[in-house]
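See structure below.
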2 protein chains.
Amino acid sequence: MDETDRKIIELLAEDSRRALADIGAVVGLAPSSVNERIRRLTASGAIRRFTVDTDPAALGLPMLVYLWLALREDADEAAFRRFAASHRRVLECHHVTGAWSYLVKLRVGAVTEIESVLAELKAGRFLGRSETVIVLSSAVAGPHVPAPGV
Amino acid sequence: MDETDRKIIELLAEDSRRALADIGAVVGLAPSSVNERIRRLTASGAIRRFTVDTDPAALGLPMLVYLWLALREDADEAAFRRFAASHRRVLECHHVTGAWSYLVKLRVGAVTEIESVLAELKAGRFLGRSETVIVLSSAVAGPHVPAPGV
DNA sequence: GCTGAAAAGGTAATTTT
DNA sequence: AAAATTACCTTTTCAGC
């Protein structure tokens, strides 16, 4: 992972369909050499996948919501993690420092869906306390990659 | 944006290098028709860009951090948003409901960088109060797309 | 939206440094 | 060991239907 690899990743992040010859022209390598580096970067896991950044609103998920969670004392934490990992609306779920134990990022189509998620968390006996934070607007939005199997 | 478009986006999210013929075989269209739909989805903005999902640790950014911010009473909010949008370590920045005004997602190489960011926020006279939340582990990590020009 | 031909681009073996 | 060249072959693209 040298400076050239980093530059290649940066160019691919901007546009992963850019031709190998174009990338090569920027970093000063032949197309086949660029190809070989991309192959290595993918094999090593530095590049996880080639994907698309989409407009969540166009996909019917205009609302971004964060949930702070404190799990129940007796909650099955592994089961909670599986629940989060398999939930279509959960984009991220992080175990965090501080007063709350988990930070969950959700994308939903409407406010009513937030209640459904909270109900599911209750039904799974995961939920101790929670706080819902709704995103009003984003100065930096971040990419949106739709989950498979939705 | 019909069910076929959604399926195409889902397949591209999984692997955006998949051949048009392969995608066509799944959704029941000829390669040229898939191509035309992707062209329209890109033109309409539903697909923002073709990109790569990377391993942040491999790129030297193993730490994920959230910052809750309350801006100073006299802060220039537009300037703050520009600051966030142009900062290499700021992955997301959301104006949110609740006790805090902004939620900022950061990726850093080490804890010392968090202090740098807070110092920059102070220097810009943006920072009222803040709370730093460090991610210990992620049940659902979300994609990482490196910022351009880093 | 499909077909089929033309153009472009990706891939891999071989040679070179 | 890494990169360039070359040739091959898959894939995209575009005209016409």
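Hydrogens, waters and symmetry mates play no part in the numbers below; they use all other heavy atoms, side chains included. Throughout, protein chains are lettered first and strands after them, A, B, ... in sequence-line order, and every chain is numbered starting at 1.
What separates CE of A/Met1 from C1' of D/dA2 is a distance of 17 Å, to the nearest Å. With rounding to whole Å, B/Leu20 atom CG is found 7 Å from D/dT13 atom P. Atom CG in B/Asp15 sits roughly 12 Å away from atom P in D/dT11 (whole-Å rounding). Distance CZ (A/Arg39) to P (D/dA3): 12 Å, rounded to an integer number of Å. Rounded to whole Å, the distance from CZ on A/Arg37 to P on D/dA4 is 9 Å. Rounded to whole Å, atom C1' of D/dT5 lies 15 Å from atom CD of A/Glu36. In this structure, B/Arg17 atom CZ and D/dT11 atom C1' are separated by 13 Å, rounded to whole Å.
A donor-acceptor pair under 3.5 Å is formed between the side chain of B/Ser44 and the backbone N or O of B/Leu41. Side chain of A/Thr97 to backbone of B/Val133: no donor-acceptor contact under 3.5 angstrom is found.
Annotation: cation-pi geometry satisfied between A/Arg129 and A/Trp100 (NZ/CZ under 6.0 angstrom from ring centroid, within 45° of ring axis).
Residues B/Glu14 and A/Arg49 are not paired through a salt bridge, judged by the lack of any N-O separation under 4.0 Å between the basic side chain and the carboxylate. A salt bridge links A/Arg37 to A/Asp2: at least one charged side-chain nitrogen sits closer than 4.0 Å to a carboxylate oxygen.
Here the range on DNA chain C touched by chain B, meaning any atom under 4.0 Å from one of its heavy atoms, is C/dG1 to C/dT3.
Put simply, B/Asn35 has a side-chain N or O that comes within less than 4.0 Å of OP1 or OP2 on D/dT13. Contact annotation: A/Ser33 side-chain N/O to D/dA4 OP1/OP2 distance is under 4.0 Å.
A donor atom on one side chain and an acceptor atom on the other are found under 3.5 Å apart for A/Glu77 and A/Tyr102.
Interface remark: the A/Ser32 side chain does form a donor-acceptor pair with the D/dT5 base, using a distance-only criterion of under 3.5 Å.
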